[in-house]
Each structure stands twice: as C-alpha cells, then as structure tokens.
Amino acid sequence: MGEIAERYRRRAEAFERKVAAVPADQWENQSPCAKWTARDVVDHVLTMHAVMLTPVARTLEPADDPLTAFQEARAAVEDVLDDPIAALTEVDTPTGPMTTERHIDEVVSDDLVVHGWDLARATGQDETMDPVDIESLWTKAAAIPPEVMTKYRTPGAFGEGIEVYGAEVPVPPEAPLQDRLLGLLGREP
C-alpha cells in the first residue's frame, strides 16, 4: 500500500468514526460553514468523492443514510487507490493535470481532515485534528500564492456553488497551529 492510500485510509477512518457518532437528532445542526448543516458537510464530502471517481469511470450509488453512503464512497476510492492503472491515470483538474491518486490526496483526503473538524464542531465531538495532518495542511495552505488563494476564496471561481475557502479569520500568531490553520482556511477556531 502506497503512502497516499495509507494516508487516505487513516483520514477516512477518522472521518467515518465522526459520521458514525452523530446522533440522529443532530444532522440538522449548523456547521462552521455558514451555508451547511452537519448533513451538508457529509453530503459535500460524498459529492467530492464522486468527482474523484468520475474520471476513472467509477460511480457512487445513493445510500439511505450518511454513514452507509460514506462507507460506500470510501470503499470506492480505496478500490481506485489499490488499482495501479486507475490510481496512476492522468486526469484534468482545476489546478492542472495530475494522477488520480494525487488528485484524491490533494482534494478529498485533505478535505476529510478539515470537514472532519467541521462535523465534530457541529455535533459536539472531539475537534482535535491529527498533528501530522495539521502540519501537512498548514505547509500546503501557507505555500499557496496570494493570487491563487484569492481565487480559492472567491465563491463560484471553480464552478457554480463552489467555495473552496472562506475569508481568513484572524488568529493570534502564538495560537496553536490547528487554530491558525482553521483561521487561514476561513473557520473560527
């Protein structure tokens, strides 16, 4: 198993535990994303999994509940990551051509960390992010050129209804790295 597949599996397992822990009466709780409930956070993650699967001719079937839907999406992405032909297929992305596995790593795998925090915040779960993931995401986000970050913060820049990051939330420089990362990505830590 490669590094990308292992990282995805670790992050997906953590996200799945959060989905499984949401009580039925909390799915409509407001998330840190202004337009989304807890259910919307999971729906977004599912939508992005489907986006990763489309270029390699894989699809997701609708499921009756968020946990089953995520488990099926996770299994489909893991199948792609375990298939060397699918994983190494070059796909067009909004940031240029890359392999399917790299696209998964840079989009849905990273999303599992941030949206796992969103889901935890919305439903009163432990909000602690893995320190390794925090460091990795901080390094990536801090390296984004200002003109690209502006595009990421512009609603609709990557398609109708798509907003990658919200406006930066000021966080003291001495704050924990998780808080600084969340602020940079437009969340109130």
Side-chain angles (χ1 to χ4, degrees), residues 1-24 26-29 31-33 35-123 125 129-130 132-134 136-137 140-141 152 158-165 185:
M1 178 184 319
E3 180 182 340
I4 289 173
E6 179 55 38
R7 182 170 34 251
Y8 174 82
R9 280 181 172 82
R10 179 177 54 79
R11 291 171 172 179
E13 179 63 33
F15 189 82
E16 185 174 319
R17 282 193 305 271
K18 288 178 177 72
V19 174
V22 176
Q26 291 189 3
W27 282 110
E28 299 312 312
N29 286 8
S31 82
C33 304
K35 299 175 185 173
W36 290 351
T37 64
R39 183 180 306 277
D40 294 330
V41 170
V42 176
D43 286 347
H44 167 74
V45 168
L46 295 170
T47 297
M48 294 311 298
H49 275 66
V51 167
M52 299 297 110
L53 296 168
T54 300
V56 289
R58 312 279 174 99
T59 59
L60 295 176
E61 296 299 322
D64 292 333
D65 66 276
L67 179 58
T68 301
F70 181 72
Q71 290 168 332
E72 291 174 3
R74 175 184 176 185
V77 166
E78 288 175 353
D79 285 346
V80 168
L81 292 172
D82 290 341
D83 176 343
I85 293 171
L88 297 176
T89 297
E90 189 169 288
V91 296
D92 290 325
T93 76
T95 58
M98 64 180 71
T99 63
T100 300
E101 71 175 356
R102 182 172 161 215
H103 198 211
I104 289 168
D105 195 41
E106 292 184 7
V107 179
V108 294
S109 186
D110 285 354
D111 268 6
L112 291 172
V113 178
V114 177
H115 292 313
W117 181 87
D118 293 332
L119 187 59
R121 171 65 60 101
T123 59
Q125 297 184 51
M129 297 161 70
D130 184 307
V132 171
D133 292 333
I134 294 169
S136 173
L137 294 175
K140 288 178 186 178
Y152 284 162
F158 290 98
E160 186 177 338
I162 297 175
E163 186 173 333
V164 179
Y165 298 138
L185 301 181

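This chain uses plain numbering: 1 for the first residue, then up along the sequence. Values in this document were obtained by computation on a predicted structure and should not be read as measured data. Just so it is clear, the values below take in all heavy atoms, side chains as well, and ignore hydrogens, waters and symmetry mates.
A donor-acceptor contact closer than 3.5 angstrom links the side chains of Thr123 and Gln125.
Asp82 pairs by the side-chain contact (heavy atoms from CB on, under 4.5 Å) definition with Arg9, not counting sequence neighbours. Arg10 pairs by the salt bridge (charged side-chain N to carboxylate O under 4.0 Å, His left out) definition with Asp130, Asp133, not counting sequence neighbours.
Going from atom CG of Leu119 over to atom OG1 of Thr37 covers 9.5 Å, rounded to the nearest 0.5 Å. Separating the NE2 atom in His103 from the OG1 atom in Thr95 is a distance of 6.0 Å, to the nearest 0.5 Å.
At distances below 3.5 Å, not a single donor-acceptor pair connects side-chain atoms of Ser136 with backbone N or O atoms of Val132. At distances below 3.5 Å, at least one donor-acceptor pair connects side-chain atoms of Thr100 with backbone N or O atoms of Ala86.
Salt bridge Asp40/Lys35: absent, no basic N to carboxylate O contact under 4.0 Å.
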Scan the side chains in residues 51-62 for donor-acceptor partners under 3.5 Å anywhere in the protein, sequence neighbours excluded, and list what turns up.
from  : atom 1 : to    : atom 2 : distance (Å)
Thr54 : OG1    : Ala50 : O      : 2.9
Arg58 : NH2    : Asp83 : OD2    : 3.1

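Within the 4.5 Å cutoff, the side chain of Arg7 has heavy atoms near those of the Ile4 side chain. Using a 4.5 Å heavy-atom cutoff, the side chains of Leu112 and Phe70 are in contact. For the pair Val45/His49, a side-chain contact is recorded, criterion being any heavy-atom separation below 4.5 Å from C-beta on.
Between His115 and His44, the ring planes are perpendicular. Angles over 60° get that label, and only those under 30° would be called parallel.
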Residue pair Arg11, Asp111: steps toward the salt bridge (charged side-chain N to carboxylate O under 4.0 Å, His left out) verdict: CA-CA 9 Å; Arg11 291 171 172 179; Asp111 268 6; over 6 Å; no
